[in-house]
There are 2 protein chains.
Amino acid sequence: MATIKDIAKAAGVSVTTVSRALNDYSDVNEKTKARIKDIATQLNYSPNALARSLVMSKSHTIGLLVSELNRSGAKDMFTYEVMCGINDAASDQNYDLILFSTNPIKQEQKSYSQLCRERQVEGVIMQGIKTDDPYLEEVIESNIPCVLVDVELEGDNVGYVSTDNVFGAQMAIKHLINLGHENIAMVNGHNQARVSQRRFEGYERALKEAGIPMQEHYVVEGDFLEPKAETVATKLLTEHPEITAIFCASDLMALGVLRAAERVGKKVPEDLSIVGYDDIMLAQYAHPPLTTVAQDKYQIGYESSRLLTAMLQQETKKRKVILDNQLIVRGSTAPPKS
Amino acid sequence: MATIKDIAKAAGVSVTTVSRALNDYSDVNEKTKARIKDIATQLNYSPNALARSLVMSKSHTIGLLVSELNRSGAKDMFTYEVMCGINDAASDQNYDLILFSTNPIKQEQKSYSQLCRERQVEGVIMQGIKTDDPYLEEVIESNIPCVLVDVELEGDNVGYVSTDNVFGAQMAIKHLINLGHENIAMVNGHNQARVSQRRFEGYERALKEAGIPMQEHYVVEGDFLEPKAETVATKLLTEHPEITAIFCASDLMALGVLRAAERVGKKVPEDLSIVGYDDIMLAQYAHPPLTTVAQDKYQIGYESSRLLTAMLQQETKKRKVILDNQLIVRGSTAPPKS
DNA sequence: AACAAAATCCGAAACGTTTTGGAAAAAATA
DNA sequence: TATTTTTTCCAAAACGTTTCGGATTTTGTT
């Protein structure tokens, strides 16, 4: 509860001097500086960040806006791991994180910029936001620096970090081709998702590069759902028994495909190779463990924070960061039976 | 950027009146009140929470202190789900959450109370803190209200919420006994963990109630680690082939035991029943899916927030909340072969 | 010793709000 | 009409800090 005034009184100097002493300004005598610091620790002083922020109009706080921070996000660890990365990078840069969680009801009550200005955040990181979220429009209009996670949107004050989904899909397909597969199908998410479009792009490109003609009917949509994927994959495998490999736009769907294979009596990986995407926890515990494309979620978060703080300090013109991802080969892929 | 002053100027009244109008005080004319509010929305005004907190010395902020918020926590969803609950309850009560993540290095630099006072948090929720954490001592001394998650510590300003580990273990054992098991072993965590002590207590008690004598050598420690559990369980099962059921203090260890069973050639659940604890995501995807004791992590978080806000508003003398947990019966338990 | 330069300090304003203790105006009562 | 009550407003202080501009003291130079 000791304030700068108390210290000033105890030291017999002005508050100005105390402030400047504690902040290591050069225009205060080393002796008195030491004395003041002594007294400060004696009085167990700690500065009031509110007061400081108020006068400096810098809160050193960044808002972490997570849409629908809730249990449903628990299926994979995406949100959590990204948060860890954000948190680490932010605290490295001495920024504090304040958690905004929104949902449709709250969004009606309070606009994005209101939210930000009230708490005087210097910048925002948005996560889990859908492309049609009303807040997204405000972000571009607003003059508060913002970094989006996995939403491709650029502007003067807004950047994003994402992974290279085209490249990731390409790696997956190349892996299958290298194993000797030629009849490679894809269970995609749905066309509204940017990642689906990108991953399909990679699928297409890898086939083309290998000189394998793409079969339209080899590509089906599983809506990112496990049961839906099982259904469509079953159909796919019965109608096109020549298929020896399936690339899935998510691990969850890959698990569904795994079950589909079981249903149509195909052994994985002997009769059918499966590649997933995401590397969720379950992937390594599946039977057989899933070959998959992993994105470093922690790093996504970390880089988001870094990008934002760089923007805040105006030390970069960069507005987007695309991270690599990595193919993790496990037991669900093998050469096709010749 | 509009302040209360701007509104005052535009409305031709004093800042006092504006403040009182916006806060719906009764001593301002309804007409002028309406006019002021109009102008406020026109100027796109939003109050500066910093300034308000400063003068009211109420920040309406609670600190969420998560020890080692990092990827390793990703194995189960505990931390994340608890956070979701905390967040929901806090925002229900109009408290904002500010994220403190600590690690040993940071703790040396800044004491617990410094951390709190700097940011002027009204209260703190601590999660993932170990019983020997240096911050824990400060918590009791400090006068800042604090709620611990899963750490049994009570005081004037400190409470905790946890689940009934004794009861949970009891349920698990009773379930096994009801199935007809008598030779029931336990793979515990380690004795430094409070939950281990409690769960052992439940194990002991349930056996006693059923009149089954406890065998000392049936209880081994797996340190909460999957490989360690596998090792000790393998030894256990070979030395005591009469064992028909194993209760594990965590799902992760149960997975290890599952592998141990495979190694010694016992089929689960025909030859060996296994019960885990936690209900992590993997539990339902294991082969066979694990019977386990689930704790409602979300609710733990939610109740933590509730307890803290109640303490802050001094509307309760309660300092601890013990939540129920639930036995989830899946495929890893069955009657023993007679 | 006289002056300039450097070192050290401080008063006061500012940040945006709330709140206290009235004052002025309007309405009610005598 | 004179007095009291109610309504409506406001000036100023306060919260804890930083910073601007200048004042005072010390040191250095000649």
Side-chain angles (χ1 to χ4, degrees), chain A residues 1-37 39-40 43-61 94 96 113-122, chain B residues 1-37 39-40 43-61 94 96 113-122:
Chain A
M1 301 286 236
T3 79
I4 220 172
K5 280 185 195 167
D6 302 319
I7 301 177
K9 205 170 292 172
V13 296
S14 74
V15 290
T16 307
T17 308
V18 175
S19 172
R20 301 180 81 82
L22 294 178
N23 291 318
D24 270 328
Y25 277 61
S26 59
D27 69 344
V28 34
N29 189 296
E30 285 301 330
K31 265 185 182 167
T32 55
K33 192 183 285 188
R35 192 161 49 92
I36 288 173
K37 285 185 178 177
I39 296 179
L43 295 183
N44 196 14
Y45 168 78
S46 47
N48 184 327
L50 294 183
R52 177 183 286 160
S53 299
L54 182 59
V55 62
M56 309 221 300
S57 56
K58 286 229 168 226
S59 64
H60 248 265
T61 299
N94 269 311
D96 279 327
S113 65
Q114 271 179 324
L115 206 63
C116 296
R117 278 181 324 199
E118 269 191 23
R119 276 298 178 163
Q120 301 284 112
V121 297
E122 293 186 28
Chain B
M1 298 288 235
T3 79
I4 220 173
K5 281 185 195 167
D6 302 321
I7 302 177
K9 205 170 291 172
V13 297
S14 75
V15 290
T16 307
T17 309
V18 176
S19 172
R20 301 181 80 80
L22 294 178
N23 291 320
D24 269 327
Y25 277 62
S26 58
D27 69 344
V28 33
N29 189 294
E30 284 301 332
K31 264 185 182 168
T32 54
K33 193 183 281 187
R35 192 160 50 91
I36 288 174
K37 285 186 178 179
I39 296 179
L43 294 183
N44 196 17
Y45 168 80
S46 46
N48 184 329
L50 293 183
R52 175 182 289 160
S53 299
L54 183 59
V55 63
M56 310 221 300
S57 56
K58 286 227 169 232
S59 64
H60 247 263
T61 300
N94 268 314
D96 277 327
S113 65
Q114 272 180 323
L115 206 62
C116 296
R117 280 181 322 198
E118 270 192 21
R119 276 298 177 164
Q120 302 283 114
V121 298
E122 293 185 28

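Chain letters run A, B, ... following the sequence lines, proteins first, then strands; residues in each count from 1.
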**Q** Taking only residues two or more places apart in sequence, or in another chain, which ones meet B:Thr61 in a side-chain hydrogen bond (donor to acceptor under 3.5 Å, both in side chains)?
**A** A:Arg119
**Q** Rounded to the nearest 0.5 Å, what separates atom OH in A:Tyr45 from atom CD1 in A:Ile39?
**A**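 It comes to 13.5 Å.
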**Q** Give, ordered by number, those residues of residues 44-55 of chain B having at least one heavy-atom distance below 4.0 Å to an atom of DNA chain D; if nothing qualifies, reply none.
**A** B:Leu54, B:Val55
**Q** Report the distance from atom OG1 of A:Thr32 to atom NZ of A:Lys37, rounding to the nearest 0.5 Å.
**A**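 That separation rounds to 10.5 Å.
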**Q** Examine distances only and state if a side-chain atom of B:Ser46 and a backbone atom of A:Arg117 form a donor-acceptor pair shorter than 3.5 Å.
**A** no
**Q** Any side-chain N or O of A:Ser19 below 4.0 angstrom from OP1/OP2 of D:dT18?
**A** yes
**Q** Measure the distance from CG on B:Asn29 to P on D:dC10 and round it to the nearest whole Å.
**A** 12 Å
**Q** Please give, in whole Å, the distance from D:dT8 P to B:Ile36 CD1?
**A** 12 Å
**Q** Provide the closest heavy-atom pair for A:Ile36 versus A:Ala11 in the form atom of the first, atom of the second, distance.
**A**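 Reported closest heavy-atom pair: CG1-CB, 4.2 Å.
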**Q** From CD of A:Glu30 over to P of D:dT26, roughly how many Å is that when rounded to an integer?
**A** 18 Å
**Q** Do A:Ser19 and A:Thr16 have a side chain donor and acceptor closer than 3.5 Å?
**A**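 No - no donor-acceptor pair under 3.5 Å links their side chains.
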**Q** Under 4.0 Å from a heavy atom of chain B: give me the 5'-most and 3'-most nucleotides of DNA chain C that qualify.
**A** C:dC15 to C:dT20
**Q** So what does A:Ser57 hit on the nucleic acid, given a heavy-atom distance under 4.0 Å: a base, only sugar-phosphate, or nothing?
**A** nothing
**Q** Using whole Å, report how far CG of B:Asp27 lies from P of D:dC9.
**A**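 My rounded result for the distance is 9 Å.
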**Q** Does B:Tyr25 have a side-chain nitrogen or oxygen under 4.0 Å from the phosphate oxygens OP1 or OP2 of D:dT8?
**A**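 Result: no.
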**Q** How many angstroms lie between CG in A:Asp24 and NZ in A:Lys33, if you round to the nearest 0.5 Å?
**A**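 The NZ atom of A:Lys33 is 4.5 Å from CG of A:Asp24, to the nearest 0.5 Å.
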**Q** Using only atom types and a distance under 3.5 Å, with no angle test, would you say the side chain of B:Asn29 pairs donor to acceptor with the backbone of B:Lys31?
**A**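 Yes, because the side chain of B:Asn29 sits within donor-acceptor range (under 3.5 Å) of the backbone of B:Lys31.
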**Q** Separation of B:Met56 atom CE from D:dA13 atom C1', in whole Å?
**A**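 Spelled out: CE on B:Met56 to C1' on D:dA13 is 17 Å.
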**Q** Got a second to check how far A:Glu118's CD is from B:Leu50's CG, nearest 0.5 Å?
**A** 10.5 Å
